[in-house]
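Every chain is numbered from 1 and lettered A, B, ... according to where its sequence line falls, protein lines coming before strand lines.
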Protein chains: 2
Amino acid sequence: MAATPLFRRIDVAPAYQKVADAIEREIINGRIKPGEPIGTEQQLVAQFGVNRSTVREGIRVLEEGGLIRRDSSRRLQACLPRYNKLATRLSRALILHEVTFRELFETSMTLEVASVEGAVERATDENIAELAGNLERSADVVGNPAGLAELDAEFHVLMAKASQNRVLQLAREPAAQLFFPTTEMIVGGVPEGGARLVEAHGHILDAIRRRDKEAGVLWTRRHLQDWRRGFEKIASLDRSVEHTYMEHAYAARQ
Amino acid sequence: MAATPLFRRIDVAPAYQKVADAIEREIINGRIKPGEPIGTEQQLVAQFGVNRSTVREGIRVLEEGGLIRRDSSRRLQACLPRYNKLATRLSRALILHEVTFRELFETSMTLEVASVEGAVERATDENIAELAGNLERSADVVGNPAGLAELDAEFHVLMAKASQNRVLQLAREPAAQLFFPTTEMIVGGVPEGGARLVEAHGHILDAIRRRDKEAGVLWTRRHLQDWRRGFEKIASLDRSVEHTYMEHAYAARQ
DNA sequence: AAATCTAGCTTTGTCGGACAAGCCGATAAG
DNA sequence: CTTATCGGCTTGTCCGACAAAGCTAGATTT
């Protein structure tokens with residue numbers, strides 16, 4: 001249709017962006033493997049032929065993207081982006097978009113059920129041991145909402161891990177980071193809330209052990225419905241996740 | 001337990017990081033609203049009392065995180081992070097973690113089914129019109145794998161949008177960005193593949209129109225199972241998503 | 001000879017200053 | 001009233017410099 005273009009599209013990107021892109025490309029396509037050094041700033045200056053300030057701006061971009069990090073001696077190296085850090089950025093985005101708890105709940109229900117299904121199918125002995133360890137510790141702090149909330153979040157992370165599906169692990173993380181901090185308020189506000197939570201976890205773990213998918217899904221749903229009922233005693237599901245949430249997201253960031 | 005600490009923990013973070021954190025905090029907790037200007041670099045230099053190079057490094061961090069952007073005249077302003085951009089980073093991470101197509105497929109199945117359920121429940125007339133428009137265009141290019149693949153990806157984005165659940169929209173995006181680029185290969189490799197795809201979309205849209213959740217889920221599952229069968233003719237599901245994929249992720253980035 | 005220490009080199013984080021290019025608003029010209 | 005020009009401001013980039021912290025290798029001690 002269109003005539004053969006005489007000129008190639010002119011590439012107008014700031015130099016720091018080009019530096020970042022160049023390094024990124026090498027990492028993504030595998031020419032630089034995670035853990036391998038990138039070189040010193042001085043070397044990059046020499047290779048790219050730009051000023052050190054420019055290189056440093058490019059480096060900051062990649063660092064924030066999780067593609068490179070500085071080791072103990074502050075030298076640059078490629079690395080595998082941690083889900084957790086990226087998920088924090090997403091959680092932040094969700095806050096700014098003022099998503100509602102209903103959206104959060106609905107999506108978490110979907111993803112947690114998927115997690116438990118995967119866990120029932122594929123959990124290893126080690127996964128089960130981790131979950132059992134978590135459950136045991138939970139039983140110890142059943143009267144302590146803050147401690148229990150933390151262990152609840154961990155239980156669900158371990159469940160996602162047991163599903164052996166890393167895409168699922170990643171997908172659930174942003175919602176979970178916003179969802180689970182509420183657990184503390186809810187467990188504290190409902191009598192027998194802590195006991196019900198631990199009981200549900202127990203049934204879920206049991207279902208995973210017996211490879212009983214139906215039971216696993218059933219108890220996971222009940223567990224989340226409990227959360228929902230508890231939440232609705234405090235606030236409307238249609239309330240949006242607010243800025244005050246930020247602190248939780250921040251505490252979890254490091 | 002611990003004695004009251006005499007000193008507060010000393011905060012040893014590089015200055016550029018502190019600059020980024022300070023601005024980030026103002027945005028996240030809402031004191032600076034999306035669209036509002038941050039100020040010029042010179043002003044930030046004055047406010048923070050650090051060098052412009054330092055400020056600029058901090059700005060790069062936030063820019064990459066999607067929290068601030070530069071308007072037409074390159075002045076800084078806060079903004080709402082675009083899902084799309086963040087999702088690209090996650091897709092990148094998934095590639096580096098060498099996730100398998102099986103993981104991708106399983107998670108996408110979960111999320112697309114959830115999308116269609118939401119869409120059946122809550123799609124507006126406008127959503128339906130958009131989907132119908134997409135379907136019409138799809139019918140026109142049924143013999144063109146590349147064009148059809150693009151419209152397929154769009155169809156699923158529209159479906160997620162129709163679910164009115166932004167958390168779900170966000171959660172499905174990273175997997176989708178890696179999942180749907182394969183459609184082109186698959187549609188091209190299977191006779192009648194294009195026709196089956198358009199047929200499935202038609203049934204899904206019809207189900208959304210009739211608010212028939214069961215049919216919507218059924219046809220979504222079939223649609224994805226078609227993808228799976230097509231993929232397995234070409235390669236094993238246990239193959240990991242490779243670096244060559246990068247190009248697609250890149251093309252979609254801007 | 002092995003372990004330790006110390007001095008020097010390297011690298012990063014930060015600073016100050018500089019300049020070209022692009023955008024903006026104001027002013028001058030038609 | 002529109003157009004053209006002119007400064008001023010801002011950004012992107014560059015240069016050079018320096019303190020602090022890490023690393024290296026030679027010098028010193030046991």
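The ring-ring contact (aromatic ring centres under 6.0 Å, His included) contacts involving residues 23-44 of chain B comprise nothing, where partners must be two or more places apart or lie in separate chains. For residues 166-177 of chain B, the salt bridge (Lys or Arg N to Asp or Glu O under 4.0 Å) pairs, not counting sequence neighbours, are Glu103(A)-Arg166(B), Glu112(B)-Arg172(B).
Residue Gln42(B) contributes atom CD, which lies 16 Å from atom P of dG8(D) at whole-angstrom precision. Between the CG atom of Leu44(B) and the P atom of dG12(D) there is a distance of 13 Å, rounded to whole Å.
Side chains of Ser73(B) and Arg75(B): a donor-acceptor N/O pair is present below 3.5 angstrom, by distance only. Under 3.5 Å, the side chains of Asn165(B) and Ser163(B) contain no donor-acceptor pair of N or O atoms.
Note: Phe105(B) and Trp227(B) have parallel aromatic rings, judged against thresholds of 30 and 60 degrees for the angle between ring planes.
When every heavy atom of Asp238(B) is checked against every heavy atom of Arg102(B), the shortest pair comes out as OD1-NE, 2.8 Å.
Atom CD of Glu36(A) sits in a crowded spot, with more than 12 heavy atoms from other residues, nucleotides or ligands closer than 6.0 Å.
A nucleotide of DNA chain C counts as in contact with chain A when one of its atoms lies under 4.0 Å from a heavy atom; the first and last such, 5' to 3', are dT11(C) to dT14(C).
Heavy-atom distances to DNA chain D give each of Arg70(B) and Arg74(A) a nearest nucleotide, and the one nearer the 5′ end belongs to Arg70(B).
Annotation: proximity of residues 32-40 of chain A to DNA chain D (heavy atom, distance under 4.0 Å) is found for no residue. Across residues 49-64 of chain A, Val50(A), Asn51(A), Arg52(A), Ser53(A), Thr54(A) each have a non-hydrogen atom less than 4.0 Å from an atom of DNA chain D (numbered order).
Listed by chain and residue number, nothing satisfies the side-chain hydrogen bond (donor to acceptor under 3.5 Å, both in side chains) test with Asp140(A) (two or more places apart in sequence, or in another chain).
Using a 4.5 Å heavy-atom threshold, the side chains of His156(A) and Asp152(A) count as touching.
Under a 4.0 Å N-O distance rule, the pair Glu98(A)/Lys33(B) does not qualify as a salt bridge.
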